[in-house]
Amino acid sequence: MTDRNDALFAHARDVIPGGVNSPVRAYGSVGGTPRFLASARGAYVTDAAGREYVDLVASWGPALLGHAHPEVVAAVQEAATRGLSFGAPTEGEVELAELIAGRVQAGGLRPVEQVRLVSTGTEATMTAIRLARGVTGRDLLVKFDGNYHGHSDGLLAAAGSGVATLALPGTAGVPAAIAGQTLVAPYGDLEAVREIFAARGHEIAAIIVEAAPANMGVVRPEPGFNAALAQIAHEAGALLILDEVLTGFRVHPAGHWGLQVEAGEAFEPDILTFGKVVGGGMPLAALGGKRAVMDQLAPVGPVYQAGTLSGNPLSVAAGLATLRLATPEVYAAVDASASAVADALDAALTAEGVVHAVPRAGSLFGLAFLPEAPRDYATAKTQEAFRYTPFFHALLESGVSLPPSVYEAWFLTAAHDDEAVGRIVHALPAAARAAAAATA
């Protein structure tokens, strides 16, 4: 611990609930004092006490190019000289929407013809669900346990007593009537989804699913799973919402959907949601789909959505610069660095006899203290999560910053060069020994 971080955390807890503005930042699952970051550049972050860390959080995904990329920063600075917010259309919004739609195509398929810009991933998924309900005239939603789609009320639902039973509130503050519009299925279980649709398909507006879940640890969908969801939904007159807030433009130029299509899984979601990389680290998210669906949004259609800061010019500038710089070479570099770190992680834990798996979905990977990569949330929760706390702190003391939860993905960037990767690899054996020595 550092005195400066301790002092800041104590002060923060006086004026901010829990001392943080997003719960995982509080180090609740790993203990200790959160590092208050003062700056970041490339593959590194620096805390308030002046200590530098190799970063494997990457702002939870947006920093695909690395922190404070000079061209992205310059684009934001130049945009700021013209004004911080207008509450009116800008040329940049049109350019970004066109760029997003143009990237989301593969195998002759192009599921995104129009794009609506919003400010957060939660807002994107919330709007996508409202849009699906407006298009279909139905109320119910199907989601999966262990999938995270933001913190709007209907998505913080816990499974009921049976797969076709309406959900219960998953957190305080969510009315039962709102949670009851959601049906929660075990992730990966197509038969459960079919059972739900057999019982209530005529009431279901949409299925929403993470393109590749990364909030119960990284889980790569089984081949054909997402395509089967599209088929089940469409046969019942429902829509498929593919949540690419985390994976979109990070694991492939066309998101995880693009990876799947290139692997021979040809399917088209009806609505896709994007965030994180699409804003280059600034508050920006989006949803997109075919014109027939998107035209149901106001002002053309009857489904209302609005936002004063939607398409904020600084966020748009960051998003445009980031996506234009996200070349095939960038993705190849991120893939290579991710493979090097994932392989070193596996080797270090194997050398210490720690039961583990390193699940991957494209360049995303994580750590599970299980003999095999989990395929669902129930399995993920059975792991020896107690081993992560000493593992995390051993790396932190060695100057490597990990996500402060075993259930989060690790993120590499194009700035993770040989030196940065080498620092991580050098620190892993001691962390593996700490994990091996841990007791429940």
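Small disclaimer: the values here were computed from a predicted structure and weren't measured. Keep in mind that the numbers below use all heavy atoms, side chains included, and drop hydrogens, waters and symmetry copies.
Under the rule for a ring-ring contact (aromatic ring centres under 6.0 Å, His included), the partners of F144 that lie at least two apart in sequence or sit in another chain are Y187, F225.
Taken from CZ in R110 to CD in Q105, the straight-line distance is 5.5 Å, to the nearest 0.5 Å. Atoms NE2 and CG, on H234 and L239 in that order, are 6.5 Å from each other to the nearest 0.5 Å. To the nearest 0.5 Å, the span separating CG on L395 from CG on L402 amounts to 5.0 Å. For the atom pair L349 CG and L367 CG, the distance stands at 6.0 Å (nearest 0.5 Å). The CD1 atom of I424 sits 11.0 Å away from atom CD of E419, with the distance rounded to the nearest 0.5 Å. With rounding to the nearest 0.5 angstrom, the CD atom of E93 is 9.0 Å from the CG atom of L284.
Screening residues 242-254 for side chain to side chain donor-acceptor pair (under 3.5 Å) gives H149-D243, D243-T273, E244-T247, H252-E262 as the qualifying pairs, with residues at least two apart or on separate chains. Residue pairs meeting the side chain to side chain donor-acceptor pair (under 3.5 Å) criterion with at least one partner in residues 13-32, sequence neighbours excluded, are absent.
A side-chain donor-acceptor contact under 3.5 Å links S405 to the backbone of Y407. Judged by distance alone, with hydrogens and angles left aside, the side-chain atoms of D55 form no donor-acceptor pair with the main-chain N or O of Y44 at under 3.5 Å.
Using cut-offs of 30° and 60° on the angle between ring planes, the pair F369 and F391 is perpendicular.
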